[in-house]
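Proteins get letters first, then strands, A, B, ... in listed order; numbering begins at 1 in each.
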Protein chains: 2
Amino acid sequence: MVKKSEGDLSSTENRILDAAKKVFIAKGFNGTSMQQIATEAGIHKSLLHYYFRSKDKLFTAVFVYAFQHFVPQIQEILISDASVSLKIERIINEYMDMLMQNEFIPSFILHEINRDPDRLYEIMLHTGINPSIFLDQFTIERTKGNMRQVDPRHLLVNILSLCIFPIAARPLIQRVFFSNDNLAYNNFLRERKSVVTKFIIQSIQV
Amino acid sequence: MVKKSEGDLSSTENRILDAAKKVFIAKGFNGTSMQQIATEAGIHKSLLHYYFRSKDKLFTAVFVYAFQHFVPQIQEILISDASVSLKIERIINEYMDMLMQNEFIPSFILHEINRDPDRLYEIMLHTGINPSIFLDQFTIERTKGNMRQVDPRHLLVNILSLCIFPIAARPLIQRVFFSNDNLAYNNFLRERKSVVTKFIIQSIQV
DNA sequence: GTCTATATCGGGATAGAC
DNA sequence: GTCTATCCCGATATAGAC
């Protein structure tokens, strides 16, 4: 759905991209050297330039990938004819699942959008993300009387905050409140799927 | 309260620290060079090493400073005898005010705690932050019957999420939903102080 | 305390052999 | 396509003059 002409990519190019994703997302642009990516991919440094010309070009490819996993893809859910509360439940569940499977992406994106905010315009064209669909959809539900009068921008920011922050701040929260126990924090995050859902739904109930 | 023997610091050392705070917090450890800090401070590069021995030592000083502005200082509020809802209102208002006045600290901390999580133990000794006070306080209120039975860890993470994320993700949210209008987003953040407060209080009301 | 000069290393990038 | 060799630059850090 998101890909474009990936069938004819050489195996080397794919290995470079996979390695670049791993290292860039873990260490950021400035924290990553071309040598680290080459080592991770098991090939020589100069091949990175052969396939991607520059560090910046390679990074942009990774950023586009990560961005698509950071901005929730919820169009299908929103335009379905389910109830508002069911939609919210599905959005939160699916989004938190994706974030838990890509746990380094939130802090990566948060860092990079502050480091180079102007890149966003160009990237968002690549992704085809259209945020107004969310706002429109909630305006519709509101006129139907299914929801309290809530500013949809606050509502959306609330949902994103509650889903993303606990992943981005994991190293801190897990150490302070969970004795740095990985399994315990995974359970906490799973619990949160229903906690956050109830929290949000309650805030828009009439 | 937080300082330790700052009266006898030479003016140069203070200028270096101020410059280091500005540059490190804006660009992170790997994005910052010693030359940038020296230029910002208006002194020569080698003086940085004279006063702080290494880049890492200088960075640690900055990180401690930033960390104290990231973890809310709410002991006085919590141990006061105000009502729960008043406490929450004060916590959220004062904390969001501080974050708005230090808007680059959230993404800085979120990045650095993922880059080097093990530094946290050492830093937290410097700051003397004791998170258990929060949990204890809310357990007490709960037994008084003033609150719904809510896991205080989820409650705290909810509050932090709703306060911190809108600052950390500002470059993205402001562009997407506010046409990159600074004043409009400042208003949005001010609105959030009461929005978040109501949101939280409603979630714990019996 | 503050500067100049320099040591040493690793970074991104390119040319060219195979 | 893949490698070796190399260029050039900027990075942290230190030695030593003033």
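- With contacts defined as side-chain heavy-atom distances shorter than 4.5 Å, the pair B:F67/B:L120 qualifies.
- By the 4.0 Å N-to-carboxylate-O rule, B:D118 lies close enough to A:R175 to be salt-bridged with it.
- The distance between atom CG of A:L48 and atom P of C:dG12, rounded to the nearest whole Å, is 9 Å.
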- Message: Using the rule given for side-chain contact (heavy atoms from CB on, under 4.5 Å), can you reason through A:L47 versus A:F52, listing the C-alpha separation, both sets of side-chain angles and the distance that settles it, and then say yes or no?
- Response: CA-CA 8 Å; A:L47 281 183; A:F52 291 92; over 6 Å; no
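- Put simply, NE2 on A:H44 is 12 Å from C1' on C:dA13, counting in whole angstrom units.
- Not a single donor-acceptor pair under 3.5 Å links the side chain of B:Q137 to the backbone N or O of B:I79.
- Comment: A:E141 engages A:K87 in a salt bridge, judged by a side-chain N to carboxylate O separation of less than 4.0 angstrom.
- Between B:R119 and B:E122 there is no salt bridge, since no side-chain N of the basic residue sits under 4.0 Å from a carboxylate O of the acidic one.
- Atom CG in A:L47 sits about 5 Å away from atom P in D:dC3, given to the nearest Å.
- As rounded to whole Å, 12 Å separates atom P of C:dT4 from atom CD1 of B:I43.
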- Query: Where along nucleotides 11-18 of chain D does protein come under 4.0 Å, by heavy atom, of base (B) or sugar-phosphate alone (S), with - for untouched nucleotides?
  - Reply: SBBB----
